[in-house]
J.: 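Can you read through this structure? Questions will come right after.
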Amino acid sequence: MKKTLLLLAGGLSAVIAGCGTASAAKAPSKASHSSSMSPSHGTIATVHEISSNKTAQVVEAGKSATFVLKATTSTNKPAVKEPVTFYIGPMVPLGHGVTNWYKSGTQGASGFITSYSKVTNSQGEASITLSPQPTKHMEMVGVQIGNFNTFSPSAMAGAGLLDTWWTTPSTSPMAPIGDYVKVTPFAVSASSGQKEPLRITAMSPKGPIAGASVDIIAKAPLSSSSSMNGSSGMGGSMSSQGGTTLDTNSSGQVNYTITASSQSMASRPVRIVVSSHMERVAGGMNADIMTH
């Protein structure tokens, strides 16, 4: 049942208040392609939707983390042989936003990425494996598949962001290892003003997490020409004002509907934070609703 959004418990939210922010920063390597987060004007959108097996996950310190994404067309067919680019934004220590983003294939990204797909396969799938990191290390991941970009290289900010949090059972703040959240879709192209349903699923190694608190904050729509910095809503912050809180059902799920922007070629970031018994189920993440 919907209820007024409450801030996360004081100690935890204070420690990770910057989690998920996507503030503008000087990048070690600039992207050479278009900086728009949506398809270039005059092009036909090939990739309509991007899904991911996990949108945010908690990983044991010293272990790798993998995301598997799938791109589909407007006719729900795999988007095959589409070029893939990832953008890694480390947040170390926790409580501070991203200061540098690293593009896959560059020297700067080599310390964060073990392996990644450069093109989608015959099923429209692409994957990235993040290198093992120490405890209290968090990384956000933006992605471009074909024409669909959840990240703006010029602004160094993302509307759609995956998240990994490395920790140990004794590390504070607590985040249960093996827990993850899946948001479906992770990124989708929609018509102006279209209502787009989101399904958010919280899972643990033992199965669905029932009764988890899911904070959903639909940020203001941002056009591809916007500055797209953290203060304007790209990535958002843990303050989460103006959102809605829902509790997961016995299947660990909640459903929520987002209205796409009425602005052409604009992205609407949707900030999602999940907690259970005052502990974060997983790190911060953003879904991306892009108006075509």
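For clarity, every value in this text was computed on a predicted model and none was experimentally measured. Side-chain atoms are counted along with the backbone in the values below, which use heavy atoms only and exclude waters and symmetry mates.
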J.: Determine, using the 4.5 Å side-chain heavy-atom cutoff (strictly less than), whether Ile258 and Val183 are members of one ILVMFWY cluster.
T.: yes
J.: Can you give me the closest heavy-atom contact between Tyr87 and Gln144, atom names plus distance?
T.: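 The pair with the smallest heavy-atom distance is OH-OE1, 4.2 Å.
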J.: Please check if the side chain of Thr73 supplies one atom and the backbone of Lys77 the other of a donor-acceptor pair under 3.5 Å.
T.: yes
J.: Hey, does the side chain of Arg268 reach the backbone of Thr259 with a donor-acceptor pair shorter than 3.5 angstrom?
T.: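 The answer is yes, because a donor-acceptor pair under 3.5 Å joins these two groups.
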J.: So which heavy atom on Gln123 is nearest to which on Lys70, and how close?
T.: O-CE, 3.1 Å
J.: Can you name the nearest heavy-atom pair linking Val119 to Pro83, along with the distance?
T.: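 Here Val119 and Pro83 meet closest at CG1-CA, 4.2 Å.
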J.: So, do Tyr102 and Pro90 sit near enough that their side-chain heavy atoms are less than 4.5 Å apart?
T.: yes
J.: One pair to check against side chain to side chain contact (heavy atoms under 4.5 Å, CB included): Ile289 and Leu198. What are the steps and the verdict?
T.: CA-CA 10 Å; Ile289 312 300; Leu198 294 179; 4.2 Å; yes
J.: Using distance alone, with no hydrogens and no angle criterion, decide if Ser204 and Asp179 have a side-chain donor and acceptor under 3.5 Å apart.
T.: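 The answer is no; no qualifying pair exists.
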J.: Same hydrophobic cluster for Ile216 and Val281, using side-chain heavy-atom links shorter than 4.5 Å among ILVMFWY?
T.: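 Same cluster.
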J.: Looking at Ala159, is its backbone amide N or carbonyl O close enough to the side chain of Asp288 to form a donor-acceptor pair, meaning the two atoms are under 3.5 Å apart?
T.: no
J.: Could you check if a side-chain atom of Pro173 sits within less than 4.5 angstrom of a side-chain atom of Arg280, using non-hydrogen atoms only?
T.: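 Result no, sub-4.5 Å side-chain heavy-atom pair not found.
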J.: Return the CG to CD1 distance between Leu69 and Ile50, rounded to the nearest 0.5 Å.
T.: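 Taking CG in Leu69 and CD1 in Ile50, the distance rounds to 7.0 Å.
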J.: Can you pull out every side-chain hydrogen bond (donor to acceptor under 3.5 Å, both in side chains) where at least one residue sits in residues 59-68? Sequence neighbours excluded, please.
T.: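 Residue pairs with at least one partner in residues 59-68: Thr66-Thr129.
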J.: How many angstroms lie between CD in Glu139 and OG in Ser131, if you round to the nearest 0.5 Å?
T.: 7.5 Å
J.: Measure the OG-CG distance between Ser189 and Asn147 for me, rounded to the nearest 0.5 Å.
T.: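 Reported to 0.5 Å precision, the distance equals 8.0 Å.
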J.: Considering only heavy atoms from C-beta outward, does the side chain of Glu196 approach that of Val188 to under 4.5 Å?
T.: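 Yes, close enough: below the 4.5 Å cut-off.
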J.: Could you tell me whether a side-chain N or O of Ser172 sits under 3.5 Å from a main-chain N or O of Met174, the two making a donor and an acceptor?
T.: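 Looks like no, no N/O pair under 3.5 Å.
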J.: Mind checking whether Phe112 and His137 have parallel, tilted or perpendicular rings, split at 30° and 60°?
T.: tilted
J.: Hey, what's the ring geometry for His48 with His292, parallel, tilted or perpendicular (30° and 60° as the breaks)?
T.: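 His48 and His292: tilted rings.
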J.: Test side-chain hydrogen bond (donor to acceptor under 3.5 Å, both in side chains) on Gln253 and Thr248 and set out the steps.
T.: CA-CA 5 Å; Gln253 295 182 342; Thr248 58; over 6 Å; no
J.: Rounded to the nearest 0.5 Å, how far does OG of Ser110 lie from CD1 of Ile88?
T.: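 Answer rounded to 0.5 Å: 11.5 Å.
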J.: Indicate yes or no for a side-chain donor-acceptor contact from Ser104 to the backbone of Phe86 under 3.5 Å, with no hydrogens or angles considered.
T.: yes
J.: Indicate if Val59 and Met203 have the same hydrophobic cluster label, given that clusters are the connected sets of ILVMFWY residues with side-chain heavy-atom separations under 4.5 angstrom.
T.: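 No, it is not one cluster - the side chains of Val59 and Met203 are not joined through contacts under 4.5 Å.
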J.: Got a donor-acceptor contact below 3.5 angstrom from the Ser192 side chain to the Ser262 backbone?
T.: yes
J.: Could you go through the side chain to side chain contact (heavy atoms under 4.5 Å, CB included) check for Ile145 and Val143 one step at a time?
T.: CA-CA 7 Å; Ile145 300 180; Val143 59; 3.8 Å; yes
J.: Kindly determine whether Tyr116 and Lys118 satisfy side chain to side chain contact (heavy atoms under 4.5 Å, CB included), including the steps that lead there.
T.: CA-CA 6 Å; Tyr116 70 99; Lys118 296 182 180 180; 3.5 Å; yes
J.: Among Leu162, Val273, Leu161, Val181, whose side chain to side chain contact (heavy atoms under 4.5 Å, CB included) with Met285 holds?
T.: Val181
J.: Say whether Thr120 and Glu82, considering side chains only, have a donor N or O and an acceptor N or O under 3.5 Å apart.
T.: no
J.: Please check this pair: side chain of Thr291 against backbone of Ser264, looking for a donor-acceptor N/O pair closer than 3.5 Å.
T.: no
J.: State, to 0.1 Å, how close Phe67 and Asp163 come at their nearest heavy-atom pair, and which atoms those are.
T.: CZ-O, 3.4 Å
J.: If you measure from CG on Asn249 to OG1 on Thr201, what distance do you get to the nearest 0.5 Å?
T.: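 The OG1 atom of Thr201 is 8.5 Å from CG of Asn249, to the nearest 0.5 Å.
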J.: Testing the basics here: between Phe148 and Val47, what is the closest heavy-atom pair and its distance to 0.1 Å?
T.: CD1-O, 3.5 Å
J.: Quick one: are Val214 and Ile272 in side-chain contact, heavy atoms under 4.5 Å?
T.: yes
J.: Give a yes-or-no answer on whether the side chains of Thr171 and Thr135 include a donor-acceptor pair shorter than 3.5 Å.
T.: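 Present: a donor and an acceptor within the cut-off.
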J.: With no hydrogens and no angle check, is any side-chain donor or acceptor of Thr150 less than 3.5 Å from a backbone partner on Gly160?
T.: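 Present.
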J.: Tell me, with the steps shown, if Val58 and Thr167 meet side chain to side chain contact (heavy atoms under 4.5 Å, CB included).
T.: CA-CA 7 Å; Val58 182; Thr167 189; 3.6 Å; yes
J.: Under 4.5 Å side-chain heavy-atom separation, chaining through any Ile, Leu, Val, Met, Phe, Trp or Tyr, what else clusters with Val92? Say none if it is isolated.
T.: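 Listed partners: none, Val92 stands alone.
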J.: Determine the minimum heavy-atom distance between Phe151 and Gly142, stating which atoms define it.
T.: CB-CA, 4.3 Å
J.: Which distance, rounded to the nearest 0.5 Å, do you find between the CD of Gln133 and the CH2 of Trp166?
T.: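 Taking CD in Gln133 and CH2 in Trp166, the distance rounds to 5.0 Å.
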J.: Tell me the side-chain hydrogen bond (donor to acceptor under 3.5 Å, both in side chains) pairs involving residues 49-59, sequence neighbours left out?
T.: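 Non-adjacent pairs meeting side-chain hydrogen bond (donor to acceptor under 3.5 Å, both in side chains): zero.
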J.: Say whether Val270 and Tyr180 are linked into one hydrophobic cluster, either directly or through other cluster members, by side-chain heavy-atom distances under 4.5 angstrom.
T.: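 Cluster IDs for Val270 and Tyr180 differ.
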